[in-house]
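First up is the structure itself, then whatever we jot down about it.
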Amino acid sequence: MALLEILKYPDPRLSKVARPVSNVTDATVQLISDMLETMYAAPGVGLAATQVGVLQRIVVLDVDHENPRTNVYKLVNPFITHSEGQLVWEEGCLSVVDFTAEVRRAEHVQVVALDEHGKERTIEAEGLLAVALQHEIDHLDGKLFIDRISRLKRDLYTRRRRKMLRTGIEPSESTQVMI
Ligand code: NI
């Protein structure tokens, strides 16, 4: 088990598009396990491989606060096969320091992915799980939630983030759910 470093905006590696995994191997299983530990330690409810500098289409999620480590999703090559409705959710992200914003997403999604055994599975999701799935799949496509807000809000954040990096003053930990 190893804790991995989570890349933070504006790291350019967060904007890269991840490649599909052609074979689920022992190395894939190990990466998934390390990603899960990294996600729990952060703490967060979702993590994409892109966020730890690995450009493979792998995502882990656990949005069940009441029963941690019970409903864990380990998804390889996930893609959205159906989406319906709309909702607005206040999102935060482990790669976006000290910022949350309302983002419009589909309310229901159906996602098809391989599990850690290379078996195909279908997930029907709504609410936070649906939001988290869309957010993580965005990461695999090199997109952050701040790419889905108004340019004005994004520019304000970008300026504030640059100042943080310039002054070396990082904000204290947030209590927001991070995906
Ligand atoms: Ni995120």
Flag side-chain contact, heavy atom, 4.5 Å: Cys93 against Phe145 = yes
ask   = Quick one: are Asp64 and Asp62 in side-chain contact, heavy atoms under 4.5 Å?
value = yes
Ser83 side chain near His108 side chain, heavy-atom distance below 4.5 Å = no
inquiry  = Any heavy-atom pair between the side chains of Thr100 and Glu91 that's under 4.5 Å?
reply    = no
request  = Go through the structure and list residues passing ring pair (Phe, Tyr, Trp, His ring centres under 6.0 Å) with Phe99, not counting sequence neighbours.
outcome  = Tyr157
task = For residues 111-124, pull every pair meeting salt bridge (charged side-chain N to carboxylate O under 4.0 Å, His left out), keeping only residues two or more places apart or in separate chains.
result = Lys74-Glu116
note = Exactly one of Leu94, Leu14, Thr50 clears side-chain contact (heavy atoms from CB on, under 4.5 Å) with Leu7, and that residue is Leu14
N/O donor to acceptor pairs below 3.5 angstrom from side-chain atoms of residues 17-26, sequence neighbours left out:
unit_1, atom_1, unit_2, atom_2, d
Thr25, OG1, Ala27, N, 3.2
Thr25, OG1, Thr28, N, 3.4
Thr25, OG1, Thr28, OG1, 3.2

remark   = When Ile80, Leu61, Leu128, Val63 are each screened for side-chain contact (heavy atoms from CB on, under 4.5 Å) with Leu133, the one that passes is Leu61
request  = For residues 142-155, pull every pair meeting side chain to side chain donor-acceptor pair (under 3.5 Å), keeping only residues two or more places apart or in separate chains.
outcome  = Asp138-Arg148
ask   = Apart from Val112 itself, what residues make up its hydrophobic cluster when side-chain heavy atoms of I, L, V, M, F, W and Y under 4.5 Å apart count as a link, directly or indirectly?
value = Phe79
message = Closer than 4.0 angstrom, basic N to acidic O: yes or no for Arg160 and Asp98?
response = yes
query = Does the distance from a Lys or Arg side-chain N to an Asp or Glu carboxylate O, for Asp141 and Arg57, drop under 4.0 Å?
reply = yes
request  = Using salt bridge (charged side-chain N to carboxylate O under 4.0 Å, His left out) as the criterion, list what pairs up with Arg162, not counting sequence neighbours.
outcome  = none
